[in-house]
Number of protein chains: 4
Amino acid sequence: MPPSVPDPARRNERSHRAILEATVELVAELGYEQVSVEAIAKRAGVGKQTIYRWWPSKGAVALEALDDRLRTAPGGGSSGSWPDTGDIVEDLRVQMYGVSELFTSREVGPLYQGLIAAAQCDPALSRAHLDQLIEPASVACRARLALAKERGEIRADADVQTLIDMLWGALYYRLLLHTRPLDLAQIDLSLDIVFRGLRDA
Amino acid sequence: MPPSVPDPARRNERSHRAILEATVELVAELGYEQVSVEAIAKRAGVGKQTIYRWWPSKGAVALEALDDRLRTAPGGGSSGSWPDTGDIVEDLRVQMYGVSELFTSREVGPLYQGLIAAAQCDPALSRAHLDQLIEPASVACRARLALAKERGEIRADADVQTLIDMLWGALYYRLLLHTRPLDLAQIDLSLDIVFRGLRDA
Amino acid sequence: MPPSVPDPARRNERSHRAILEATVELVAELGYEQVSVEAIAKRAGVGKQTIYRWWPSKGAVALEALDDRLRTAPGGGSSGSWPDTGDIVEDLRVQMYGVSELFTSREVGPLYQGLIAAAQCDPALSRAHLDQLIEPASVACRARLALAKERGEIRADADVQTLIDMLWGALYYRLLLHTRPLDLAQIDLSLDIVFRGLRDA
Amino acid sequence: MPPSVPDPARRNERSHRAILEATVELVAELGYEQVSVEAIAKRAGVGKQTIYRWWPSKGAVALEALDDRLRTAPGGGSSGSWPDTGDIVEDLRVQMYGVSELFTSREVGPLYQGLIAAAQCDPALSRAHLDQLIEPASVACRARLALAKERGEIRADADVQTLIDMLWGALYYRLLLHTRPLDLAQIDLSLDIVFRGLRDA
DNA sequence: CTATAAACGAGACGGTACGTCGCGTCTTGTC
DNA sequence: GACAAGACGCGACGTACCGTCTCGTTTATAG
């Protein structure tokens, strides 16, 4: 056992939490790139080694910090239980509104942008991002859409995954490309476009 | 005038080109983050100062290198002249196929991912990216869609910008999130979804 | 009594010995500086705290380890009983030969060099070194020289301490400066020089 | 040329000197071990890399700093030109007095002790120490002693190197072992002992 | 057809952060 | 309560690049 994985049972939870919180605070204050592991350690009152002992990189800390924030956000980070009012468009709208709000928040927005940027050159981080954030949300969304299909709200031959890619893609497009600010009206417009033709005649 | 803007007329075009090409090569070989300005200078056989004289950052070099590659690519980087076969869906498909091909190419893909990542924390670079790449393409696409609207291929009340955001958003979503590889079939599926309801009844 | 001196009666002698032996082994293998307290603990199969409980520093462990080796060496580390053959030069030669042998041994040489080096910046360690090693040997040597003086082997006005400093100084000079290897012939030469004029005419 | 030795012609002499002086100051203030390369860099107003570019280790900096101090000290660090009054004992005394003064000075003493300590575990440093400090001084001393031998001040069969080892050994012994403070009277005593028998009857 | 000023290659510089190592202390069971 | 194990806060290590700053050396007009 050369890397000699540390024992999670002996982990100092006080330090653990301090690191996650320092990360969120600093990224909100300075921006993702401007935050160094050293700065996180200093702010958290922690040794640098304690960060490197439990995470492989700044990106991994950011991911857990983000995950932590989403988990404690209303709606469980849009990944937990999806609403089912019987109206799929309405339910999608509510979820997308929630995500849009998070994306534009001072704490989550820059953190998430930085995380996705870091993941471009870090396959392990990208994997973790997909597994911990994207895939759970995607699963829940697909389940809700499958329900809508059974009920005939959506045409039986519609490709649900492509539908998700477009709706969420539009949000990420604005988050990452900064063409124009995220805005709720455009969520309505996008839902309008895709659902005009998806309902069975 | 102490900093004194350098004189473009006296610029060494040999070095200029060598820098752009070294950048493309190195990013393709090592990945965006792993490439340093020092490495580009060394590979190009150029002094570091020559890079900093003409560009403000590695990202700016990458943007010009990318722009250069796109300009010499078939289709003029999808920004120049859009085709007009009379069938808007077919024309969009052709353009999106082209972009998809670029995104998956060994040279352009990683370079563009890295560029977008760098732009997350560099507003000037983000601005330049929008102005030089995104906006021209968007303008051309909007023009082609306006034509389609005039011809009644698209409903008069459809929001053209949101349409673009969704279609391109789906592509960028897969480019940047790495949920699944870019693939032409999904372009067809996405066009299918959005155009079912956009045609006037 | 928060720090509360540990109770020597409850000391684990097995661990005690393992630490001293691990220290000697590791220093012989890797050199003094390359050996860390952590490495000693690991090699001895002992917790780090067990070392810090009984010694104030690595140097202190090294001193005890060295002392332990010398005590079990022939001649009692040249500090115990000095020979008295009636010929002071011969007796000095025998003692110096013994020390020279220890200085050039794989186990004692590097350990002692490292110890003296560490003592340069650690007054407590220096003090302990003098008290435990240097002074006892010096006392015994002075006693033997006093005997020689009484017998008229040495001039009555000779300064015995300076004599010791020169003879031993020459040995330490070569041990610590590495000008040339320690060698028995030079011991003979040095004895020859100092005793030519010390005998009463 | 992988390590790519830097070009001495382009060296910043201002930084060079600042580093040597910061080293001397800091060692005098804090002691050798307590001085880190980082502290030297900070005090000298220099990047750490500038130190590592020109020296392999803290010890090497210390050696040059020491050499620099000795070179500018009266007597050229006892290595340059030896006096020749015609009386070898007197000339040796003068030189040893000078060295003794340096050894007890606040600037040179701790620096030299630390250097010798560091050299115990750094063969390259030890080599450099011998070549730059010890050997030149030794050569000059041997030359003066050879002269004395020619003149019959010293017996023809005396081993000059051993003589040097003893005289200087006694000084280093007190410098490094701290048995008692260096003191001029003991220099006289040691000269007295060795020269009683070295003069031709 | 110089000469002169600029852009150039090379790379040393003052810095910042990296990820690692070892320090000496603290914590958690086990014997 | 001493012990093995090892996480902790800390601080220095030696490295990699950053962006700036000299250095000569081309080089390409302007006199």
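Chain A is the first sequence line, chain B the second, and so forth, proteins listed ahead of strands; every chain is numbered from 1. Values in this document were obtained by computation on a predicted structure and should not be read as measured data.
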Original post:
Can you check whether B:S15 has a side-chain N or O nearer than 4.0 Å to OP1 or OP2 of E:dG9?
Top reply: yes
**OP:** Starting from P on F:dG9, measure out to CD on A:E38 and report it in whole angstrom.
**Re:** 15 Å
Original post:
Can you tell which of E:dA12, F:dC3, E:dC23 lies closest to the side chain of C:N12?
Top reply: F:dC3
Subject >> Toward the 5' end of DNA chain E, by each residue's nearest nucleotide, D:R11 or B:E13 >> reply: B:E13
Original post:
Considering heavy-atom distances to DNA chain E, does B:P8 or C:A39 have its closest nucleotide positioned more toward the 5' end?
Top reply: B:P8
**OP:** Work out which heavy atom in D:A62 is nearest to a heavy atom in D:L115; give both atom names and the distance.
**Re:** CB-CD1, 4.4 Å
**OP:** Could you grab the distance from atom CG of D:N12 to atom CZ of D:R17, nearest 0.5 Å is fine?
**Re:** 12.5 Å
Original post:
What pair of heavy atoms forms the shortest contact from B:E107 to B:L111, and how long is it?
Top reply: O-CB, 3.4 Å
Original post:
Is a donor-acceptor pair below 3.5 Å formed from side chain D:R10 to base F:dT22, judging by atom type as modelled?
Top reply: yes
**OP:** Kindly indicate, with the supporting measurements, whether the criterion salt bridge (charged side-chain N to carboxylate O under 4.0 Å, His left out) is fulfilled by C:R43 and C:E29.
**Re:** CA-CA 12 Å; C:R43 171 75 66 103; C:E29 289 170 23; 2.9 Å; yes
Subject >> Nucleic acid contacts of residues 16-28 of chain D, taken as heavy-atom distances under 4.0 Å to DNA chain E >> reply: none
Original post:
Going by heavy atoms closer than 4.0 Å, what residues in residues 41-53 of chain A are next to DNA chain E?
Top reply: A:K48, A:Q49, A:Y52
**OP:** Under 4.0 Å between any heavy atoms, over every strand shown, what does C:W54 touch: base, sugar-phosphate, or nothing? Just pick one.
**Re:** sugar-phosphate
